[in-house]
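Right, one structure below, let's go through it.
Because the structure is predicted, anything quoted here is derived from the model rather than measured.
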Amino acid sequence: MPVTLVPSLPTLPTVAPASVPLDVLGVPGEINLDYAATAPCARAAADAVSELLPWYASVHRGAGALSRRCTLAYEQARQTVGDFFGVRADDHVIFTRNTTDALNLLARSLPAGTTVVTFAGEHHANLLPWPRGSVRLPVPADPAGAVRDLAAALTELRRGSNPALPVLVAVTGASNVTGERWPVAELARVAHRHGARIVLDAAQLAPHAPVDLLALDVDYLAVSGHKLYAPFGAGVLIGRADWLDAAPPYLAGGGATSHVGPATHDVTWASGPARHEGGTPNLLGAVALAAVCAALGAADRVALAAREQALLARLRTGIEALPHVVELRTFGPDAPRVGIVSFVVAGWDSADVAARLATAHRIGVRDGLFCAHPLARRLLAEAAGRTGRRDLPPTALRASIGLGSTVEQVDLLLAALAELG
C-alpha cells in the first residue's frame, strides 16, 4: 500500500555551490542508505587521490622529487585535518586506520593506574579497548541525566581512590544506533572539574556537524575517514601530547625510532606523531581525508545541516506513520540527532527485511546490532515495552543518510516498508 506522509514535512533547502566538491560517488539505480557504516566517497577525496597517484612514492624516506612531494602532501594533510578539528598548539595529530584503531592507540597510551569511565551506550570501539577496572555507567534516560550520572560517578571515584591517579572519560558525540547527540561540552566540563580527561568518539558526529576540540574542550578526538567520505583506510587520533609521548610506540618499527643501536634494546623512540606511526604511512588515506576536511571547511555547514535535518524529519515522520514499524531511541523523540534512524518491522526478521529491500528495491540498509550490542539490545527491549508488541525481532534495521541522500530515496524506503504491513 502507498505510504502516507504528513503534509507539513519541511522542504529541503538548496545547498550553496561551494558544496560541489562534496558530491559523492555512487552506482546509478542503487540506493545507499547505510552511511553510518561506511559513507560513499566524496568527489573531493577521489580527485585528490587521483592527482597524487602519479607521484606516489615513499614518505619521510627519500630524497627524490616524488618522495619529497609525497612527504609534503602527507604533512600538509596532517595540518589540514588538525585545523579542521580545531587542533591546539600542543596537540598531536596521529594518522590511524579508523576510530577503533585510534581509541586502541589511546588505550595503549594510558598512564599506569588510569581508570576509564564510559557509558553502556557506546559503540564497541569505545567499550572494548579500555583496561580492566574501567567503569561503565548505565545508559541515561536523557542528555541531562548523562551529565548528572557522570558527575556522581566521578565524585564517588575520586572519593574512593587515590586522587592523583588519572581518569579518562570516553564518550560518543552521536550514537551510531539512534543518531542521538550527546552533551559533549557539558560532559567535558564535568570531567575537567573532577580532574579527569575526556576522549570523544566523533565517528558519527563529524560527518554531520562541525567538531572543534577547543570549543568542546575535549582532550582527545577519534575519527574515521571512511565515515567522513574518505574511504581510503585512514583515521585520526588528535589530542594532548604528554600521554602519547610517554607511552611505548603503538607499532614498533621503522619510522617510530630516532636511534637503533647494536644491542637488542638499544632503541630511542621518536617523539611526536611519528612515535605511533611506525611503518610506511597511509599517504593516500591521509590526503583523501584532508581533501574532504578542506571541502567541508569551505562549504556552508549550516545549509548542509538544515538539508539533512529536513530529510531526517521526513524519514522519521514517515516511519511514525507506519503502525508496524517502530523506531528505536534512547532519549525522547525530540532529542537532537544526526541522520541515523534505527527501527524494527513487527513480525519480520530484520535480516529478511534488509535482504528484501536490497533485492526487490535496490535499497541498502544495515541490519543487526550495529557493533553496539549492549545498547541495541536495551533499545529493542524498550521498544517492546513501549509498544506492548510481542512480535518485534531480536535485531534491528538502520537507515542512515548524508550528502548524497535525496527525498526520492527516503520516499522509496518508506514505500517499501509500507508494503510489509
Side-chain angles (χ1 to χ4, degrees), residues 12-27 32 34-56 69-70 72-87 93 95-96 98-99 102 173-174 202-216 221-236 238 281-312 338-340 400-406:
L12 268 65
T14 14
V15 179
S19 66
V20 168
L22 292 172
D23 288 349
V24 297
L25 308 183
V27 177
N32 180 5
D34 195 17
Y35 281 54
T38 293
C41 181
R43 189 171 303 279
D47 289 349
V49 168
S50 296
E51 181 181 345
L52 187 61
L53 274 174
W55 292 85
Y56 184 74
R69 173 159 179 174
C70 288
L72 178 62
Y74 186 70
E75 293 305 330
Q76 284 179 334
R78 192 191 310 278
Q79 184 69 47
T80 299
V81 172
D83 290 345
F84 179 73
F85 289 110
V87 69
V93 178
F95 283 114
T96 63
N98 45 45
T99 303
Q204 298 296 345
L205 181 60
H208 303 278
V211 176
D212 186 286
L213 280 95
L214 195 58
L216 295 172
L221 171 75
V223 170
S224 286
H226 74 98
K227 297 188 190 296
L228 198 59
Y229 306 98
F232 290 88
V236 68
I238 303 175
N282 181 359
L283 167 65
L284 299 181
V287 167
L289 179 56
V292 174
C293 289
L296 280 170
D300 185 343
R301 300 297 298 275
V302 174
L304 289 174
R307 183 182 183 279
E308 179 185 292
Q309 287 299 310
L311 201 59
L312 175 63
V338 300
I340 298 171
S400 47
I401 59 177
L403 293 176
S405 303
T406 65

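Taking 4.5 Å as the limit, every side-chain heavy atom of Phe95 sits out of range of all side-chain heavy atoms of Pro281. Leu22 is not listed as a side-chain neighbour of Arg43, based on a closest heavy-atom distance of 4.5 Å or more. Looking at Leu25 and Pro40, their side chains never come closer than 4.5 Å, going by heavy atoms from C-beta outward. Using a 4.5 Å heavy-atom cutoff, the side chains of Val24 and Asn32 are not in contact. Using a 4.5 Å cut-off on side-chain heavy atoms (C-beta onward), Cys293 and Leu228 make contact. Ile238 places none of its side-chain heavy atoms less than 4.5 Å from the side chain of Val223. Side-chain atoms of Val49 and Phe232, non-hydrogen and from C-beta on, do get closer than 4.5 Å to each other. The side-chain heavy atoms of Tyr229 and Cys41, taken from C-beta on, include no pair separated by under 4.5 Å.
Taking both residues in full, the closest heavy atoms of Ala45 and Ala230 are given as CB-CA, 4.2 Å, listed atom of the first, atom of the second, then distance. Shortest non-hydrogen contact noted between Ala291 and Ala44 is CB-O, 3.6 Å. Across all non-hydrogen atoms, the minimal contact from Leu213 to Gly86 is CB-O, 3.8 Å. Pairing each heavy atom of Val93 with each of Gly82, the nearest pair is CG2-CA, 4.0 Å. Contact record, Ala48 with Val287: CB-CG1, 3.9 Å, taken as the closest heavy-atom pair. Considering every non-hydrogen atom in both Ser400 and Ala36, the closest pair reads OG-N, 2.8 Å.
With rounding to the nearest 0.5 angstrom, the CD1 atom of Ile340 is 9.5 Å from the CG atom of Leu312. If you take CH2 on Trp55 and CG on Leu283, they are separated by 13.0 Å, rounding to the nearest 0.5 Å. A distance of 10.0 Å separates OG1 in Thr96 from CG in Asn282, rounded to the nearest 0.5 Å. Note that the CG atom of Leu284 and the SG atom of Cys70 stand 8.0 Å from one another [nearest 0.5 Å]. Rounded to the nearest 0.5 Å, atoms CZ (Arg78) and CG (Asp83) are 12.5 Å apart.
Ser224 contributes no side-chain N or O that, together with a main-chain N or O of Gly235, makes up a donor-acceptor pair within less than 3.5 Å. At least one donor-acceptor pair under 3.5 Å links the side chain of Lys227 to the backbone N or O of Ala37. Put simply, the side chain of Asp212 never gets that close to the backbone of Phe85: no donor and acceptor are under 3.5 Å apart.
Evaluation of the side chain to side chain contact (heavy atoms under 4.5 Å, CB included) rule for Ala294 yields Thr80 as partners, not counting sequence neighbours. Applying the ring-ring contact (aromatic ring centres under 6.0 Å, His included) test to Tyr35 and every residue at least two apart in sequence or in another chain returns nothing.
Of the candidates Gln309, Arg301, Glu308, Glu308 is the only one forming a side chain to side chain donor-acceptor pair (under 3.5 Å) with His208.
Listed by first and then second residue, the salt bridge (Lys or Arg N to Asp or Glu O under 4.0 Å) pairs that reach into residues 44-56 are Glu51-Arg69, sequence neighbours excluded.
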